[in-house]
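First the proteins, then the strands, lettered A, B, ... as listed; each starts at 1.
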Protein chains: 2
Amino acid sequence: MMKLFGYWRSTAAYRVRIALNLKKIAYEHVGVDLVAGGGQQHTNAYGHKNPSHLVPALELESGKVLTQSLAIIDYLDTLVPAPPLLPTHPEARAEALAVAHVIAMDIHPINNLRVVQHLGATFDADAEAKAEWMRHWMATGFDVLNALVKQDTAFAMGAAPGLADICLVAQFYNARRWGLDLQAYGRLAEIEQACLALKPFADARPEAQPDATN
Amino acid sequence: MMKLFGYWRSTAAYRVRIALNLKKIAYEHVGVDLVAGGGQQHTNAYGHKNPSHLVPALELESGKVLTQSLAIIDYLDTLVPAPPLLPTHPEARAEALAVAHVIAMDIHPINNLRVVQHLGATFDADAEAKAEWMRHWMATGFDVLNALVKQDTAFAMGAAPGLADICLVAQFYNARRWGLDLQAYGRLAEIEQACLALKPFADARPEAQPDATN
C-alpha cells in the first residue's frame, strides 16, 4: 500500500489526499507534525525520504518516494486515468493547469510555513504581520481566479472536478483559517461547496485526518 | 504566429523561450517592461491578456491567451511532441516534474519581483535584505536539487534536456544575477553549461533578447 507522508493542515498534502480519494487509491496516512518539537519534517529520517523537508511525500510500494504535490498528482493521474483530473483538449488542459498554478505557484509557496517563519526571523514579523502577508497573497491570487474560472459550470473548469478544484478547495481551507474576507469570492466559494459535497473531497478535509489535533 | 509576452530578465519567460526553441516553434517576442514606468505588466491592456499581471503569456494564433509558464510549456509539449520535455515512464516523469517544481514552486515564486517589492513596502527591506532573501531561497532549493538531479547523465534527468533543465538554466541566470555563491552546486553548474552549449538554450538567454537593456 502507498504511504502518504503529510500533515493534516498542509494544503499541499490535502491536495494529494483528494486526488488519492478521487482515484479510489487506498493509502496509509503517515503524519509528519510540522509544528511539534520544532517540526518533524526537519529530521534526517524524513529528509532521507524528501530532501526538501516539506510535505507531502508519497512512498510507493517499491519504496521509491515521490515528492511535490502536483508531480505526485500528475503521477496518480497517469497511474489511474479515471476520472481524469485534467481536460483532454490541449487548450482546455492548459487553462485548467493555469488555474491550478495560480494557487500552487502564485499563492501557496509564498505563504508556506517556512517562508512565514523566515519573515519572523528576518524582519521581526509578528503573528498579525504574518497573517496579513498570507491574506495579501491569497487575495491577490483569488482576484485572478475570479477571472479565470468558468462561471456557468458545476466545478471550476467544467462539469466534473479536477486539478483546479483540488487546489482551490485546499487553498480555501487556508483562507478560512487565516480569516481572509471571502465576500468578493462568491463563485469560488460556490465551487468549494460543490466539491465538499463529494465524499472524496469531504474525506480529505484536514479535520477528518487522524493527526488532526483541534 | 504565436506571440510571447515576456521580459528579458523574467526567468519564467526564459523557460518558455527555451521550450519554444527546443520545439522549433517560431514566435513573435513582445516585451513587457516590468520596471519602466512602474511596470507595463500593471496596465489594463496587459491585464486583459493575463489577469495575473505577470509574465509570460502566450497568445495563440486564434487570439486565445495562455498563462503560467509551466502550463504553457505543457501545452507546447502536447502541440509538438518531439523532442519530449518529460520522460515517458510514469515514475521518471514524476521525478523530473518534481525537480522542475522545486524551482518553479519552491524558489521562483518566493523571489518574484512583486514579492520582493512587497517585502520593501511591508517590512522596509532594503536592497541588500531583498538580495539576501532571494539568495536564501535559491540556496535552499539548490541544496534539494543537488540531491535530486542525476549525477551520471549529460542533463539533469537523462541524456536529453527537458523541463528540469529548462527550469534550472533559467534559475541559474537569476542566481548569478543576485550573486549566489555557487561553489556547492558544481553538478548543477555542469548541467547549466551543457544546456547553454545548445542553440535553443543559448538563443533564449536574457542577453540575447531584443528588449535587453544592459
Any side-chain heavy-atom pair from [X] and [Y] closer than 4.5 angstrom?
X	Y	result
A/Thr67	B/His101	no
A/Gln68	B/Val99	no
B/Leu70	A/Met105	yes

What distance separates [X] [atom1] from [Y] [atom2], expressed to the nearest 0.5 Å?
X	Y	atom1	atom2	result
B/Ile73	A/Leu97	CD1	CG	11.5 Å
B/Asp106	A/Arg114	CG	CZ	5.0 Å
A/Trp137	B/Asn112	CH2	CG	7.5 Å
A/Leu148	B/Ser52	CG	OG	7.5 Å

Using every non-hydrogen atom in the two residues, find where [X] and [Y] come nearest and quote the distance to one decimal.
X	Y	result
A/Ala71	B/Ala94	CB-O, 3.7 Å
B/Glu95	A/Leu66	CG-CD2, 4.3 Å
A/Pro90	B/Tyr75	O-CD1, 3.7 Å
A/Val144	B/Pro51	CG2-O, 3.7 Å

With a 4.5 angstrom heavy-atom cut-off, could you sort out which part of B/Glu132 is near chain A: side chain, backbone, both or neither?
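The answer is neither part of B/Glu132.
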Chain A contact via B/Ala96 - which portion, at a heavy-atom distance below 4.5 Å
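Contact with chain A: none, neither part.
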Verify the neighbour count for atom [atom1] of [X]: are there more than 12 heavy atoms of other residues, nucleotides or ligands below 6.0 Å?
X	atom1	result
B/Lys3	NZ	no
A/Lys23	NZ	yes
B/Gln183	CD	no

Below 4.5 Å, heavy-atom pairs only: which of B/Leu119, B/Asp143, B/Ile72 has the largest tally toward chain A?
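Looking at each of B/Leu119, B/Asp143, B/Ile72 in turn, B/Leu119 comes out on top.
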Relative to chain A, which of B/His53, B/His118, B/Arg93 shows the most heavy atom pairs under 4.5 Å?
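Going by pairs under 4.5 Å, I would pick B/His118.
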Give, as side chain, backbone, both or neither, the part of A/Leu60 having an atom under 4.5 angstrom from any heavy atom of chain B.
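Contact with chain B is through the side chain of A/Leu60 alone.
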Contact class of A/Thr140 relative to chain B, heavy atoms under 4.5 angstrom:
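Only the side chain of A/Thr140 comes within 4.5 Å of chain B.
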Considering only heavy atoms and a distance below 4.5 Å, find which of A/Asp124, A/Asp74, A/Ile110, A/Val65 pairs most often with chain B.
A/Asp74
Can you check side chain to side chain contact (heavy atoms under 4.5 Å, CB included) on A/Thr122 and B/His136, steps first, answer last?
CA-CA 11 Å; A/Thr122 310; B/His136 172 80; over 6 Å; no
